[in-house]
Amino acid sequence: VTTQSIAESLSSSVNVYPNPAKDVINFEITNDLITSIEIVDLVGKVIYTHNVTSDITKLSLSRFSQGQYVYKLKDSQGATLVVDKMIISK
């Protein structure tokens, strides 16, 4: 098993929608290795962290300003497993 195939497997077990989002963004995660969601601004500052407790996590965007962010999906040890961009358009 290669690192690339592991990364592809993790990415395929994650669905983030809608993206761009206006009011709510959904994180549908079907891999038990992923235990937390971290939202980071483009400067690299962590602005939100959430522990994953179900297959679908609905995140209200009311506290976020319009713009681009990065989400990081992490395991229980804090290692980043998936990184991607999300856009908030209000």
Side-chain angles (χ1 to χ4, degrees):
V1 178
T2 65
T3 303
Q4 183 177 359
S5 64
I6 293 170
E8 288 171 359
S9 173
L10 285 169
S11 291
S12 67
S13 65
V14 174
N15 187 18
V16 179
Y17 59 93
N19 193 8
K22 184 176 181 182
D23 301 312
V24 173
I25 194 162
N26 301 290
F27 290 84
E28 186 174 349
I29 300 169
T30 58
N31 187 307
D32 291 338
L33 291 175
I34 297 169
T35 59
S36 68
I37 301 166
E38 198 173 82
I39 308 297
V40 181
D41 65 17
L42 293 181
V43 180
K45 180 181 176 188
V46 176
I47 57 172
Y48 182 78
T49 303
H50 179 80
N51 289 327
V52 175
T53 57
S54 64
D55 287 351
I56 298 178
T57 300
K58 293 180 181 278
L59 175 60
S60 170
L61 301 176
S62 61
R63 67 178 68 109
F64 298 100
S65 300
Q66 178 172 309
Q68 287 190 24
Y69 297 85
V70 172
Y71 64 84
K72 297 180 180 182
L73 306 179
K74 299 191 167 206
D75 68 10
S76 61
Q77 304 300 313
T80 300
L81 303 177
V82 177
V83 177
D84 209 344
K85 286 191 270 185
M86 62 184 242
I87 298 171
I88 299 173
S89 58
K90 295 191 174 188

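- To the nearest 0.5 angstrom, Thr57 atom OG1 is 4.0 Å from His50 atom NE2.
- Shortest non-hydrogen contact noted between Ala21 and Pro18 is CB-O, 3.2 Å.
- Side-chain N or O atoms of Asn19 include one that pairs as donor or acceptor with a backbone N or O of Ile87 at under 3.5 Å.
- Here the closest heavy-atom approach between residue Thr35 and residue Ser76 is recorded as OG1-N, 3.1 Å.
- For Phe27 and Tyr71, the ring centers sit closer than 6.0 Å to each other.
- For the side-chain contact (heavy atoms from CB on, under 4.5 Å) with Leu33, the lone residue among Val82, Leu81, Leu73 that qualifies is Leu81.
- With values rounded to the nearest 0.5 angstrom, Tyr69 atom OH is found 9.0 Å from Leu61 atom CG.
- Taking OG from Ser89 and CG from Asp23, the interatomic distance works out to 9.0 Å, rounded to the nearest 0.5 Å.
- Atom NZ of Lys85 is surrounded by 12 or fewer heavy atoms from other residues, nucleotides or ligands within 6.0 Å.
- To the nearest 0.5 angstrom, Asn26 atom CG is 12.5 Å from Asp55 atom CG.
- Linking ILVMFWY side-chain heavy atoms closer than 4.5 Å, directly or via other members, places Val83 and Leu42 in a single hydrophobic cluster.
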Next item on the list: Could you please spell out the steps behind the side chain to side chain contact (heavy atoms under 4.5 Å, CB included) verdict for Ile25 and Val16?
Entry: CA-CA 7 Å; Ile25 194 162; Val16 179; 3.6 Å; yes
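- If you take CD1 on Ile88 and CD1 on Ile39, they are separated by 7.5 Å, rounding to the nearest 0.5 Å.
- The CD1 atom of Ile37 lies 9.5 Å from the CE atom of Met86; values are rounded to the nearest 0.5 Å.
- Hydrophobic clustering, with ILVMFWY side chains joined whenever heavy atoms are under 4.5 angstrom apart, groups Ile47 together with Leu59.
- A heavy-atom distance below 4.5 Å is found between the side chains of Val40 and Val46.
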